[in-house]
Structures are given as C-alpha cells and as structure tokens.
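Taking it in order: structure first as structure tokens, then the write-up.
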Amino acid sequence: MSADTVRRMTGGGAVYHDLGNLNYSLITDAPDAERISMERFTLPVVNALRGLGLDAEASGRNDILVSGRKVSGTAQRLYRDRILHHGTLLFQSDLDMLERITTHHKNECFQTKGTLSAICPVTNIQSH
C-alpha cells in the first residue's frame, strides 16, 4: 500500500484519509469576516451527530468529539469575501493504521509554517 503526504491550503494538522472516513467542504460568502467562527460550521455537524443519539461536542481545537474522543478535525481559509471550511468524519476508519501513520515519524516532523498536529485519542462514529 502506498501513502501520499500532501498539504492542505487551509493549513491545520495532519488529516488521515481512507475508505472509512467522510470528507466535506463548505464554501460560502463571508462579507463580515470578523464575525465568522469555526462554530458556525461545526455546530450543525455536532447537532447532526447528537440527532443520531451520540454524545457529541465541539472542542477548543476545531475538533468534534464523541464521548470525549476525536471523530473530526476541521480547518478553514478566508480568501477575499469567501470562506472555505472543511473537515473529516471518522466513520469506520482503520484506526490502527491512522495511529501508525500519524505517530510513527513524530520526531521527524516536516518543516512547515502550518499548525502542528496534536496527538489525541480518536474513535469511529460507527462504534457509538
């Protein structure tokens, strides 16, 4: 199996993609950029997860948690009067592979201006 490493235009930390996760992007006008918050985009996802009976919440690091474990990371970029917000949802991902890929080379970090990834406990939505 081959794995590619790419950088998102929105920065942020590492994002793991496999066939068990969902990736979404929202693009909208942002005429009043000072009033745009991550919550505007994460709250509808949190509410949808709660509607499925899950103990979901937004965390302070632009993440969405279920039962205290990360199921989603988000990032966004403002360009002129438009905003791009995107995120992932771990639904049925290979969490062993995710951990091996994101922690195996943690001492061999990329030189970057982006946000460093935070290692945190994750879970799949399907498990809940």
Side-chain angles (χ1 to χ4, degrees):
M1 177 194 304
S2 162
D4 294 325
T5 302
V6 296
R7 191 82 188 145
R8 296 176 294 170
M9 72 173 70
T10 54
V15 177
Y16 175 73
H17 296 281
D18 70 5
L19 297 177
N21 76 334
L22 173 75
N23 300 282
Y24 64 92
S25 297
L26 305 167
I27 301 171
T28 188
D29 292 330
D32 191 3
E34 299 81 40
R35 297 181 60 204
I36 298 293
S37 69
M38 293 295 275
E39 184 180 42
R40 174 181 176 187
F41 300 98
T42 57
L43 191 57
V45 177
V46 167
N47 287 337
L49 293 171
R50 287 178 179 164
L52 296 172
L54 303 177
D55 176 25
E57 65 178 314
S59 81
R61 285 192 48 90
N62 307 330
D63 298 334
I64 296 172
L65 310 178
V66 168
S67 298
R69 298 174 76 87
K70 184 174 177 175
V71 296
S72 175
T74 66
Q76 62 188 34
R77 179 179 185 201
L78 180 66
Y79 181 73
R80 297 187 184 166
D81 62 346
R82 306 279 288 164
I83 192 163
L84 163 66
H85 175 94
H86 54 190
T88 62
L89 287 167
L90 295 173
F91 183 75
Q92 189 181 4
S93 289
D94 182 343
L95 300 183
D96 291 332
M97 178 64 77
L98 182 151
E99 182 168 345
R100 282 195 306 272
I101 289 174
T102 58
T103 61
H104 179 70
H105 295 291
K106 65 183 174 184
N107 293 326
E108 301 172 19
C109 295
F110 292 103
Q111 294 298 317
T112 179
K113 294 182 214 171
T115 303
L116 294 176
S117 296
I119 307 301
C120 56
V122 296
T123 189
N124 279 312
I125 292 168
Q126 184 186 42
S127 299
H128 299 269

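Identified under the salt bridge (charged side-chain N to carboxylate O under 4.0 Å, His left out) test for residues 80-90, with sequence neighbours left out: D29-R82. Here side-chain hydrogen bond (donor to acceptor under 3.5 Å, both in side chains) pairs that include residues 16-25, with residues two or more places apart or in two chains, are Y16-D18, H17-N23, D18-S93. The ring-ring contact (aromatic ring centres under 6.0 Å, His included) analysis of residues 48-79, with sequence neighbours excluded, yields no pairs.
I83 and L26 fall within the same hydrophobic cluster, defined by Ile, Leu, Val, Met, Phe, Trp and Tyr side-chain heavy atoms under 4.5 Å apart, directly or through other members. In terms of hydrophobic clustering, with Ile, Leu, Val, Met, Phe, Trp and Tyr side chains grouped at heavy-atom distances under 4.5 Å, V122 and L65 are assigned to different clusters.
Rounding to the nearest 0.5 Å gives a distance of 8.5 Å between CG of L84 and CD of Q76. The distance from atom CZ of R100 to atom CG of L95, rounded to the nearest 0.5 Å, is 11.0 Å.
Taking T123 as the reference, H128 meet the side-chain hydrogen bond (donor to acceptor under 3.5 Å, both in side chains) condition, with sequence neighbours excluded. A search for side-chain hydrogen bond (donor to acceptor under 3.5 Å, both in side chains) contacts involving D63 returns K70, not counting sequence neighbours.
Between the side chain of T74 and the main chain of H86, no donor-acceptor pair closer than 3.5 Å is present.
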Item to check | R40/T28 under side-chain contact (heavy atoms from CB on, under 4.5 Å): CA gap, chis, key distance, verdict | outcome: CA-CA 11 Å; R40 174 181 176 187; T28 188; 4.0 Å; yes
Can you give each donor-acceptor pair under 3.5 Å made by side-chain atoms of residues 46-57, sequence neighbours left out, with the distance rounded to 0.1 Å?
unit_1	atom_1	unit_2	atom_2	d
N47	ND2	L43	O	3.4
R50	NE	A56	O	2.9
R50	NH2	A56	O	3.1

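Contact annotation: the side chain of L90 never approaches that of R69 to less than 4.5 Å [non-hydrogen atoms, C-beta and beyond].
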